[in-house]
Amino acid sequence: MDRSDRASFPVKHFGMAIMVGVTAGIGLMDGEADAQELKTEPEATDTAIKLPAVRVRGEDTAHDIPNTNELTLDVSRMPTSVRETPQVINVVPQEIIKEQRLYTLDQALSNVPGITLSTGEGRGGLNGDQFRIRGQQARGDIYTDGLKDFGTYTRDIFDIENVEVIKGPAGEYFGAANLGGLINESLKKAHAGNSYNYDQAFGSASLYRGQADVNYQINDNVALRVNGMYNQSGVQDRDYVFSNRYGAAVDLGVGLHSKTSWHLNWRWLHTDSIPDYGVPMILMPNGIYRPITSEGLNRDTTYARSADRDNSDIHSVTSSVKSEIASWFTLTNNTRLTKYERNYASTTPSACSTAACVSQFLAGGNPALTYGAGGGAAYLSKGWGAENVLMGNARFHTGFVKHDLKFGVDVNYQDENRYVGTWYGRTNTQTIRNTAHSSNGAYILFPNSQMANSDERDVGLFMSDHIQLTKQLALFGSVRWDAFQSTFAGYQLAATPLSRQKQNADRWSPSASIVYSPFETSSFYFTFSRSYKPIGTDVSSQVTILASDTPQNGADFKPQRSDLFEFGNKTDFFNKRLGMTIAFFQISQNNSYYYDESGDVVTGFSDSGVGLRTRGVELGLTGKITKNWDIYGSYSYMDGRITHSASYDGNQAPGVSHNNFSLWTSYDLSDHLLGQGWGHLKVAGGAQYASGYWANGDFANTARIPYQFSLNGMLSWEMKHYRVSFNANNLTDHLNYASSFSSSRAVPGPGRSFIGNIGLTF
C-alpha cells in the first residue's frame, strides 16, 4: 500500500518512541495489582459517583460478556440502568470492544443493527461522523457521558468504557436534535485499586497500535487513571488511504468513598489521515445505480491525492460532581469545555452516468472520472463548545406512591469559524480504472474573505418523574423546554459577506411511558416521545455553507419533528446473567431533509420538507448461556417509507436496510483443554449482516447498495499477567460498503484482515 512520506515515517517513529517509553514505565512501576475492573450496577446505598466496581481477579476468573440490561448509564438525567429505561438501548460493552479489537466508533457501531453511514466517519466524509439510526439523520448527535461531543472528527475509543445507542427521539433528555436517537460514549474513570495494562497490536494494512491504561490509587479517596494510544493503519484492500491517530486521557477521581465525589477528565486526540471518498456509482441498463466496484472495478481503487488531508486536534475537559445532600436528595453538576480544529480536503468522485461513460466502462474501457463538488471540497474549522448540566434528584413518597423526581437546567453553546478553501493548480484528469494520486503541486489557501461564523445556544429546562404506583405498575413522564437560537454571518458562496442572521426555535419535548412488571426479572413498557431539530444545530457539520443550511432573518424555518411509539419487553434469565429484549416501534418524522454531495441541505426547514416513517421490530440477547458460553446478539427488521412528498410519496426511505443482525459468541475452552493454573483459552466468532438498501439521500430509489456480510473470528489465551489474541475479520472477503451517498458514490469497506495482539496486565 502506498504511503505519504509526510504522514508515515516521522509520526511512526514518534509514536514508537511514546509506546516504548510507556512500556518501560510500566515495567519499572512498583507494586502489583490483582484487581480488574468490571462495570456493574452499584448497591442502592452507594452514595458515591457511579464508578467501575472492582472485582478480585484470580487466575481462573475469565472476562464475561455482561447482561447489558444490568449496565448503568453515565447520564445522570436518565434512568439508572438500561433495564429501567423504557426504550431500546444497544450497548457495546468493554468485553466486546476488547475481544473484537475495536478501535474507532464506527467499528463499535457495526455491532448495532439499524445504523448506516452517509460517506462519513473513518473512511472519508465532509462531515465526519454521519450516522443514521433507523434511517433518521443523527448528524451531530454524539455524546460522551451525556454531554455533547463537540466537533466532527474520527472518534477513537481508546479511553471509552462502553458505547451506548439510545434509539428513538430523546429530546426530553438531551434537547434539540436527537430525532432518530443518539450515540453516547462512557469514559474510562479512575477507580479504587491499582492496575497497569498495555496492548500492542499488529495487523493487515500496516496496522500498528499501542494502547496503555494505568489506574493508580493515591489514597483511600483519590485515584488517577491515564490512558494513551498510538495508531497507524491503512484500510485493507483500499489503496493510498490511511489513518494516523494518537491521543491521551487523564481522569482524576476524588471522594471515591465519600458522599461527595468529583471526576476531572482531560482528553486529547490528534488525527492525520487521507480520507477515502470511495468509488463512483454506475448507471446500469435497468436504470438502477450500483457501486462500480460491484460491476468489475478493482476494489482497491481510490482517487485520493497527495494534497488531500483530514487533520484534526480535539481538546476536551470534563468535570463531574455528585453530592448526596440528604438521604433523599442528590445534586449533580456536569460541565464540559471543548476546543477543536480540523483541516480537511478531499477528492470527490461522482457517478458514471452518461451513455458514453457507461458503455465504455462495461466494455472494459477506461473512461475519464467525473467529479462532484468541483473535484472536492476543502475547509478549515476552528471552534469551541461548552455545556453545563445542573440537576437535582429527589426521592420521596406521596401517600403510598413512590417518586423519583429529577429536574434541572442544561445550557450549551458552540461557536465555530469556518474557512472555505480554494484550490490552486489542481487538474481533475483522473480516469476510472487507472488513478493518479499525485496532486502535481496543487495547493489550498483558506482566505479570511471566505470565513464564516456560526454559533448556537440552547437553554433547556427539564423534569422527569418515575412514579411507582404498585410493585408491578409504574408511570414515567418527562418534559423539556428548549429555547434554541442559532446565528450565521460571513461568507456564503458570494463575494459580499452576509450580515448576522438569526433564527429562534422554542419547543417542548415530552415523553410518557407506562411500565408493567409482572415478575421481578421481566417488564413490559409502552412509550411515546417527541423531539425537535431546529436549523443550526449542526454548527460543525456545515461545509460549503448554503443558505438552506443556515439561519435567515425573517424566514419561518420550521424545525424537524420526530415522534416515537414503542412497545417492548426486557427480561432476565439465569439469575440475571442473560438478558433479552424485544421492541416494536414506529418513528414518524416530519419536515425531514437530506444533504447534497457537498454536505449542504437539499430539502428542508420548510413546510414542503418530506416526511419519513420507519416501523419495525428489534430483538436482543446478551450475557451468559452457560458457565463458559457467552453471547451478544441482536436483530432488527425495519420498513422505512417516504411520506408527505409530492415526488417521492410511498418510496422506500433511503439508508434503511430491512433485515439486520449482529452476533458474537465466545466459549472458554479452559476446562476442556487446559490444566489447573494454565489460564484461559477462549474461542469466539460471529457475523454481521445487513440486507441491501437504497443509498443515503436517494429519495427516488435509483441507487442500490448490495447486502453487507462479515464473518469474524477470535482466538485468545490469557494467563496471569499475559494475554495473546488473534482476530480474523471478513473471513469470506465479501465486498462490503462502509457508506454511501445517493447516486454519486459508495465507499468499499475493508477486505479480509487479521490482527495479532500481545497484552500485559499488572
Side-chain angles (χ1 to χ4, degrees), residues 39 65-75 78-79 81-97 99-100 102 104-117 121 129 131-136 138 141-144 146 155 157 160-170 173-174 178-186 525 527 529 564 566-572 578-585 587 614 616-623 630-638 655-657 659-665 686-690 708:
K39 200 162 190 178
I65 295 174
N67 170 8
T68 57
N69 283 345
E70 302 301 309
L71 291 180
T72 59
L73 298 172
D74 284 332
V75 183
M78 291 188 67
S81 69
V82 173
R83 156 179 280 286
E84 295 173 336
T85 306
Q87 199 165 334
V88 170
I89 299 181
N90 301 112
V91 180
V92 184
Q94 183 62 205
E95 283 311 308
I96 292 294
I97 294 174
E99 288 186 7
Q100 295 184 1
L102 305 174
T104 59
L105 180 59
D106 64 327
Q107 290 176 348
L109 293 177
S110 65
N111 288 282
V112 179
I115 292 184
T116 56
L117 280 76
E121 185 53 31
D129 303 339
F131 299 107
R132 285 190 175 276
I133 302 174
R134 292 176 174 169
Q136 314 292 322
D141 297 333
I142 300 177
Y143 293 74
T144 306
R155 288 164 169 84
I157 56 174
I160 298 302
E161 193 75 40
N162 301 321
V163 175
E164 299 120 20
V165 180
I166 301 167
K167 289 185 173 176
Y173 297 124
F174 298 91
N178 313 303
L179 296 175
L182 61 94
I183 298 157
N184 182 67
E185 301 172 303
S186 296
Y525 65 87
T527 293
S529 66
L564 169 72
E566 181 171 312
F567 171 75
N569 170 263
K570 299 182 181 183
T571 300
D572 296 329
L578 183 69
M580 183 188 73
T581 61
I582 183 171
F584 301 87
F585 61 87
I587 300 177
T614 306
V617 59
E618 182 163 336
L619 301 91
L621 189 67
T622 61
D630 294 357
I631 190 169
Y632 178 88
S634 54
Y635 166 81
S636 74
Y637 172 81
M638 298 183 296
V656 177
S657 176
N659 291 283
N660 306 257
F661 78 79
S662 175
L663 175 67
W664 183 261
T665 183
Q688 296 158 355
Y689 170 83
Q708 313 295 296

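One-based numbering along the sequence shown. Note that this is a predicted model, so its numbers are computed, not measured.
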Any non-hydrogen side-chain atom of L71 less than 4.5 Å from a side-chain atom of E164?
no

Quick one: list whatever passes side chain to side chain contact (heavy atoms under 4.5 Å, CB included) with S657, sequence neighbours left out.
N660, A690, S691, Y693

Scanning both residues in full, the closest heavy-atom pair of L182 with A170 reads CD2-CB, 3.8 Å

Kindly write out the residues that satisfy side chain to side chain contact (heavy atoms under 4.5 Å, CB included) with T622, not counting sequence neighbours, or none if the list is empty.
N67, T68, Y632

For residues M78 and N184, determine if any side-chain heavy atom of one lies less than 4.5 Å from a side-chain heavy atom of the other.
no

Measuring from L663:CG to S634:OG, what's the distance to the nearest 0.5 Å?
9.0 Å

Between CH2 on residue W664 and CG on residue N111, distance to nearest 0.5 Å:
8.5 Å

What pairs with T614 under side-chain hydrogen bond (donor to acceptor under 3.5 Å, both in side chains), at least two apart in sequence or on another chain?
Q136

For L621, give me all partners under side chain to side chain contact (heavy atoms under 4.5 Å, CB included), at least two apart in sequence or on another chain.
L578, M580, I631

Any side-chain heavy atom of L105 sitting closer than 4.5 Å to one from I142?
yes

Partners passing salt bridge (Lys or Arg N to Asp or Glu O under 4.0 Å) against D141 (at least two apart in sequence or in another chain):
none

Of all residues at least two apart in sequence or in a different chain, which pass the side-chain hydrogen bond (donor to acceptor under 3.5 Å, both in side chains) check with Y525?
E566

Interatomic distance, CD1@I97 vs CD1@I157, rounded to 0.5 Å, equals 4.0 Å

Nearest atoms (heavy-atom pairs only) where A108 meets V163
CB-CG2, 4.3 Å

For V112, enumerate each residue passing the side chain to side chain contact (heavy atoms under 4.5 Å, CB included) test, keeping only those at least two apart in sequence or located in another chain.
N90, V92, L109, I115, V165, K167

Find the distance between CD1 (I89) and CZ (R83) and round it off to the nearest 0.5 Å.
12.5 Å

A side-chain contact here means heavy atoms from C-beta on lying under 4.5 Å apart; do E618 and R134 qualify?
yes

Side-chain contact, heavy-atom cut-off 4.5 Å: F585 with Q87?
no

What residues, two or more places apart in sequence or in another chain, satisfy salt bridge (Lys or Arg N to Asp or Glu O under 4.0 Å) together with E99?
K682

Heavy atoms of S110 and S662 approach each other most closely as O-OG, 4.1 Å

Holding to ring pair (Phe, Tyr, Trp, His ring centres under 6.0 Å), I want the full list of residues that pass it with Y635, two or more places apart in sequence or in another chain.
none

With a 4.5 Å cut-off on side-chain heavy atoms, are T581 and V88 touching?
no

With sequence neighbours left out, write down each residue that passes side-chain hydrogen bond (donor to acceptor under 3.5 Å, both in side chains) with T665, or none if nothing qualifies.
W629

For the side chain of N178 and the backbone of P169, is there at least one donor-acceptor N/O pair under 3.5 Å apart?
no

With a 4.5 Å cut-off on side-chain heavy atoms, are I166 and T85 touching?
no

List for me each residue that meets salt bridge (Lys or Arg N to Asp or Glu O under 4.0 Å) alongside K570, sequence neighbours excluded, and say none if there are none.
none

Which residues pass the ring pair (Phe, Tyr, Trp, His ring centres under 6.0 Å) test with Y143, sequence neighbours left out?
F174

Backbone N/O of T144 and side chain of E185: donor-acceptor pair under 3.5 Å
no

Rounded to the nearest 0.5 Å, what's the gap from OG on S186 to CD1 on I160? Could you check?
7.5 Å

